Amino acid sequence: MGMQRISDRFGRRLLWCCTLGALAALGPGAGSVQAADACAQRSAQVPNNPCQNQVQAPISYTGLETNSWAYYCTGDHPYFFKANNGVAWDNTCFTSTENIVAENDNFDGDFTNWCVDSEWLVVTLACFQFNPN
Amino acid sequence: MPLTIAAQFARGQLWGGASSAWTLLAITVVTSAFALGTPAAATGLYSTKRVLAHTENECLNLRKHECRTIRSPRVALKPGDAARIELACVPGHPFLVGWDAAHHEHIGLTLVSDRPVDLRAGATASAAPGKPESVTVLAVNHAGARGIVTLFIGCSAEPIVGAPFPGSKHGLPTRALQRIGN
């Protein structure tokens, strides 16, 4: 119960944040984040396997910084389809490279903030109900 | 704005802003200038005065009472040196949420311990792990100047499902970038 409660809190909070455009509360750069449809941009369609956009926890970056992150799909759509372009973010300041070798039904990759100012990174994953890998 | 090392120490919030309690398991300084290659070739790439501030990513969105921050002492690295910094959560908050750091631009950080157990897809965690979870980060000085790093970890009383977890943290070499712009 404890685990699911924390997971649900993440899901509900982030969806509320992005849907209502409350990103301005996050601080610098957050207002520039746009709604992202990772499910629509994926390169391969997966029939009979529902896709759900899952918005991840915002990450704060200082200017000119590069970090690697592991992101996870959760709930009843717990699978990320590797190497399928199923990850979306605002590319105004950020670039990304996917590290496929490190992935285990999750996303792993580097995100670089090329802007001089601090920015928020908000990633959306295309998450599947059944394992497409 | 670049900061001198003296100014950084004076600005306590640059390196602090977290619980004063820490559970430091080990700091192993590995003088590995030979193994890594001399730093002379990298001297001109980095702005060695720039500091990447601690941004509290170790606790993500969690509220203060849900996630406790634990910090390491400041670790100084000579040119070419590397250090393994290990921090552990405490018994009341034994589950690792994430890690973050305040560090000079030329100090690169890489996770060398395993990530927390993946609790998705029905996997369960014990009510409390046998011992508090910990993290080990390798800090490497890539330039010809001394550098400082402070590690921060976030710890919770309950396990977290699906939270993003960092694998590395690096500053871009801004001195090299300035050359491109000129």
Side-chain angles (χ1 to χ4, degrees), chain A residues 1-14 17 26-28 54-80 95 99 102 104-116 118-123 125 127 131, chain B residues 1 46-47 50-63 66-67 95 97-103 105 108-111 115-128 156-178 181:
Chain A
M1 175 181 174
M3 293 186 288
Q4 194 58 44
R5 178 172 68 85
I6 297 294
S7 175
D8 286 343
R9 178 180 298 119
F10 265 109
R12 283 199 297 268
R13 178 183 301 168
L14 291 172
C17 168
L26 294 176
Q54 293 190 4
V55 181
Q56 304 299 301
I59 303 297
S60 177
Y61 272 67
T62 57
L64 301 170
E65 179 180 9
T66 184
N67 303 337
S68 65
W69 287 90
Y71 285 104
Y72 300 90
C73 294
T74 59
D76 56 6
H77 291 70
Y79 301 103
F80 175 77
T95 60
N99 183 12
N104 181 23
D105 300 334
N106 71 304
F107 173 87
D108 194 291
D110 295 321
F111 286 90
T112 299
N113 176 21
W114 292 97
C115 291
V116 175
S118 296
E119 301 288 341
W120 286 96
L121 171 66
V122 180
V123 169
L125 297 183
C127 299
N131 193 344
Chain B
M1 174 180 293
Y46 293 94
S47 300
R50 184 171 82 107
V51 175
L52 281 72
H54 168 224
T55 53
E56 301 184 358
N57 283 330
E58 71 278 4
C59 281
L60 298 172
N61 290 20
L62 296 176
R63 300 184 183 95
E66 295 173 329
C67 181
F95 297 102
V97 177
W99 62 273
D100 199 346
H103 60 100
E105 174 184 297
L109 304 170
T110 304
L111 177 73
R115 294 192 178 112
V117 174
D118 185 354
L119 299 176
R120 300 170 299 150
T124 58
S126 59
S156 63
E158 298 178 1
I160 304 298
V161 178
F165 199 82
S168 65
K169 191 175 188 300
H170 298 266
L172 294 182
T174 56
R175 192 169 177 184
L177 293 175
Q178 289 169 358

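Not measured: the values here are computed from a predicted model. Every chain is numbered from 1, with letters handed out A, B, ... down the list of sequences.
- To the nearest 0.5 Å, atom OG1 of residue A:Thr62 and atom CD of residue B:Glu105 are 9.5 Å apart.
- Between chain A and the options B:Gly171, B:Pro173, B:Ser168, heavy-atom pairs under 4.5 Å are most frequent for B:Ser168.
- Shown here for B:Arg50 and A:Gly63, the closest heavy-atom pair between the two residues is NH1-O, 2.8 Å.
- Only the side chain of B:Thr174 comes within contact range of chain A, with heavy atoms under 4.5 Å apart.
- Most heavy-atom pairs under 4.5 Å with chain B: of the set A:Leu64, A:Thr112, A:Asp76, A:Ile59, this distinction falls to A:Leu64.
- Residue contact with chain B, scored on non-hydrogen atoms closer than 4.5 Å, involves the side chain of A:Asp108 exclusively.
- In terms of heavy atoms, B:Gly162 sits closest to A:Thr74 at CA-CG2, 3.6 Å.
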Apply side-chain contact (heavy atoms from CB on, under 4.5 Å) to the pair B:Thr55 and A:Glu65, showing each step before the final yes or no.
CA-CA 12 Å; B:Thr55 53; A:Glu65 179 180 9; 5.8 Å; no
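- Nearest approach of B:Asn61 to A:Ala57, heavy atoms of both residues: OD1-CB, 4.2 Å.
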